[in-house]
Peer 1: 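What follows is a structure written as structure tokens; I'll ask about it next.
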Amino acid sequence: MTPWRTLARTVLARPAAAPVPPVDRETASSLAGRLEAGAQTPLGRSLAVLHIDAGSCGGCEVELRSLRRAVYDLERFGVCFVASPRHADVLLATGPVTRNLVEALELAHAAMPDPKLVVALGDCAVDGGVFKGSYAIAGGVGTTLPVDLLISGCPPAPERILAGLRALLEANARSRPGISSR
Amino acid sequence: MSRYCSDDRWVMTAVDATYWQQATRAIAAGDATLLSLWGEPGRIHMAVFDNAIVVISLDCPNGLYPSVGASHPPAIRLERAARDLFGLDPVGLPDARPWLDHGANPTAYPFLPVEGESLHQIPVGPVHAGVIEPGHFRFTADGETVVRLEQRLGYVHKGIDRLMHGATVARAARLAGRTSGDSTVAYALAFVSAVEMALGIAPPPRAVWLRGVMAELERVANHLGDFGAICNDAAFTIMLAHCGMLREGVLRCAAECFGHRLMMDCVVPGGVAADLAGDAPIRTLIDAIRARFPALVDLYDKTASLQDRTVGTGRVSAELARQFAAGGIVGRASGRDFDARRSIPYPPYDQLHFEVPVLHEGDVNARVWIRIKEIEQSLSMLEQMLNALPTGDIRVACEPHRSAEGVAMTEAFRGDVLVWLRIDEAGHIDRCHMRDASWFQWPLLEAAIEGNIVADFPLCNKSFNCSYSGHDL
């Protein structure tokens, strides 16, 4: 096959993206309540996410990367990954927060403009996971930063991460009347 | 010196300082290959490849031992790590800086001094721009040209060695499977193989072959991901999209067959956790990849703008690959003909037909081609394994009840994983050392980027795809 035919087929093919999964309503409701209670200024309809690996084994990163590829196509929901904390609405952290990364995590969070949200992704980020009790970890993102959303799993499957991030979008939109996520 | 355990492929021996220094000289001269070096309280160990894997152990009650790194640079980071973790001081090691231990003031780390006119430095990390692991890269550049890269790693040090101490074999297997998440099968396999060797347990034949199936699925998934990601770093995003879809197919197939997309905790001591109900999903997957992959390879090979970025970029010399015993893709793209599946054969690979692709150019393009060829080999191996899959049990009891030592090496997608462990009398892990291929690949990345432009670093880095977590432990 000539390369041009591959390119042409790619352009003409139907999108590979999977059907849109439902939003996790329960998580969305509880999040909306918390966002309102915290007098958090809503961020609007899309979220710019900064990923920080705070000691992950790399498993969560595998699934985060899956989420960004054609099949899950995260960006169609208005969630995009950004390179700098200056551009980020959401800090999405994985890993049990190693002592060697506490400072970097705190500095990155401090560099983000307000309002900002923190998501702890994966069992390690929730409470240290399989590495709980080690001298080398702080033990979960909550030990270092105020966490708005926990997404458990080892690693959480892309559908689960997607449900969590869409709940975040929904809750964020609900806490500002007149704007709704699709 | 007393020899206390051996079979065809492994020898474990306690030695004195004189023998230790003789071994060091042999390694430095290139007569033997350093596989790893690690400590425990009051004792230092070294694994050497010399037709078999030889583990030599030296008692150092005063905490001192003759440095290997002083005459053989690949050992330097291992010795710095052993000093951080166990307080063992390598006498004669020129580098006194810590490695994994960042201490109370992490920003105070003294990078190597750089002097010269019109040089500037670019610090990158540990917080990176993409969805990747954390590490720090300190570039010194002359205009656009990198004249030196110095890495600083250890950010994801989780204290795995300490967590292993006193752990049950079952818990330790879970830890091993989370040492480098993208290689969870290869790590779990190396760990349980070392346990089974120590205890003299033979897993059922069906389990052995299913482990092989899992390991090759893992390799195909990772190589597909890398192939797409390398092209993406040259702004050729269509390849990332196509490889991403193929890769997703592999992960879904793994979930369907073994219950977990990455196959975490599927390889367990004594066998495997889940049986393969039917091989149809894997056969469908093989057909799907074979139908679509060749067009992507063709696209890669015939796109001049992409070739312009990968050919000749980030060269690693054969001499460096040999000296550092670079495993996996990095070694085989630079003429080092080593693959644990064939060089230290373990089942089921001793019964499979496959080629180990080796290239000599040592550039990004060669590392891409090694991956392409290995995907083809893995698909063939998967087919062979499905055709000859034994029937029967998938697990035997594995309850340690005596002290024993074991060592094993498996071939992960990025290179060989070495595991050495000792089980205590209560049947718990006393000490477990795991050495990722990245230990010997990271330093070569520093060499590969030299003389290249800063903008080609992502390409070089991705073509290596070293593990941070597997290295930082």
Peer 1: Checking heavy atoms, do the side chain of B/Pro134, its backbone, both or neither come under 4.5 Å from chain A?
Peer 2: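 Interface part for B/Pro134: both.
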Peer 1: Is there a donor-acceptor pair closer than 3.5 Å between any side-chain N or O of B/Arg261 and the backbone N or O of A/Ala157?
Peer 2: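 No: the side chain of B/Arg261 does not pair with the backbone of A/Ala157.
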Peer 1: For residues 126-139 of chain A, give me every residue with a non-hydrogen atom less than 4.5 Å from any non-hydrogen atom of chain B.
Peer 2: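 Hits under 4.5 Å: A/Val130, A/Phe131, A/Lys132, A/Gly133, A/Ser134, A/Tyr135, A/Ala136, A/Ile137.
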Peer 1: Counting only heavy atoms closer than 4.5 Å, note whether B/Glu248 contacts chain A via side chain, backbone, both or neither.
Peer 2: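 Side chain only.
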Peer 1: A/Ile52, A/Leu64, A/Thr10: which one forms the most heavy-atom pairs within less than 4.5 Å of chain B?
Peer 2: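 The candidate making the most pairs under 4.5 Å is A/Thr10.
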Peer 1: Could you grab the distance from atom OG of A/Ser56 to atom CZ of B/Arg178, nearest 0.5 Å is fine?
Peer 2: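 Result: 11.0 Å between the selected atoms.
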Peer 1: Among B/Asp472, B/Leu296, B/Leu175, which residue forms the greatest number of heavy-atom pairs with chain A at distances under 4.5 Å?
Peer 2: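 Top option by heavy-atom pairs under 4.5 Å: B/Leu175.
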Peer 1: When you measure from the side chain of A/Thr98 to the backbone of B/His157, do you find a donor-acceptor pair of N or O atoms at a distance under 3.5 Å?
Peer 2: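 The answer is no, because no donor-acceptor pair under 3.5 Å joins these two groups.
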Peer 1: Pairs in or reaching into residues 222-250 of chain B: which pass ring pair (Phe, Tyr, Trp, His ring centres under 6.0 Å), with residues at least two apart or in two chains?
Peer 2: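 Sorted result for residues 222-250 of chain B: B/Phe227-B/Phe293, B/Phe227-B/Tyr300.
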Peer 1: Counting heavy-atom pairs under 4.5 Å with chain A, which one of B/Leu100, B/Ile132, B/Leu251 comes out on top?
Peer 2: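 Among the listed options, the one with the most contacts to chain A is B/Ile132.
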Peer 1: Are A/Arg65 and B/Leu240 close enough that some pair of their side-chain heavy atoms sits under 4.5 Å apart?
Peer 2: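 They are not in contact (no side-chain heavy atoms under 4.5 Å apart), so the answer is no.
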Peer 1: Based on non-hydrogen pairs under 4.5 Å, which of A/Leu107, A/Thr94, A/Leu101 is most in contact with chain B?
Peer 2: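 Max contact count across the listed options: A/Leu101.
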Peer 1: I'd like to know if the side chain of B/His260 and the backbone of A/Cys154 have a donor-acceptor N/O pair within less than 3.5 Å.
Peer 2: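 Answer holds: yes.
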Peer 1: Please tell me if the side chains of B/Asp298 and A/Thr6 come closer than 4.5 Å, counting only heavy atoms from C-beta onward.
Peer 2: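 Not touching, per the 4.5 Å side-chain cut-off.
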Peer 1: Using non-hydrogen atoms and a 4.5 Å limit, figure out which bit of A/Arg99 sits close to chain B: side chain, backbone, both or neither.
Peer 2: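 No part of A/Arg99 comes within 4.5 Å of chain B.
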Peer 1: Can you say whether A/Val49 sits under 4.5 Å from chain B via the side chain, the backbone, both, or neither, judging by heavy atoms?
Peer 2: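 A/Val49 has no heavy atom closer than 4.5 Å to chain B.
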Peer 1: Less than 4.5 Å to any heavy atom of chain B: does that hold for the side chain of A/Glu61, its backbone, both, or neither?
Peer 2: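 Both parts, backbone and side chain.
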Peer 1: Could you measure the distance from the CG atom of A/Asn100 to the CZ atom of B/Arg152? Nearest 0.5 Å is fine.
Peer 2: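 A/Asn100 atom CG to B/Arg152 atom CZ measures 7.5 Å (nearest 0.5 Å).
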Peer 1: Count the heavy atoms of every other residue, nucleotide or ligand shown that sit under 6.0 Å from NE2 of B/His165, and state whether that count exceeds 12.
Peer 2: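 No, not enclosed.
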Peer 1: At a heavy-atom separation under 4.5 Å, does A/Pro155 approach chain B through its side chain, its backbone, both, or neither?
Peer 2: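 Contact with chain B: backbone and side chain both.
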Peer 1: Looking at B/Arg97, I'd like to know if its CZ atom is crowded, meaning that more than 12 non-hydrogen atoms belonging to other residues, nucleotides or ligands lie closer than 6.0 Å.
Peer 2: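 Check passes, neighbour count above 12.
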Peer 1: Minimum heavy-atom separation for A/Cys57 to B/Met264, with atom names?
Peer 2: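 Smallest heavy-atom distance, with atoms named: SG-CE, 4.1 Å.
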Peer 1: Report which part of B/Arg292 has an atom under 4.5 Å of a heavy atom belonging to chain A: side chain, backbone, both, or neither.
Peer 2: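 For B/Arg292, no heavy atom lies under 4.5 Å from chain A.
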Peer 1: Of the non-hydrogen atoms in B/Val127 and A/Ala108, which two are nearest, and what is the gap between them?
Peer 2: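 It is CG2-CB, 4.4 Å.
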Peer 1: Does CZ belonging to B/Arg171 count more than 12 external heavy atoms closer than 6.0 Å?
Peer 2: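 Above 12, so yes.
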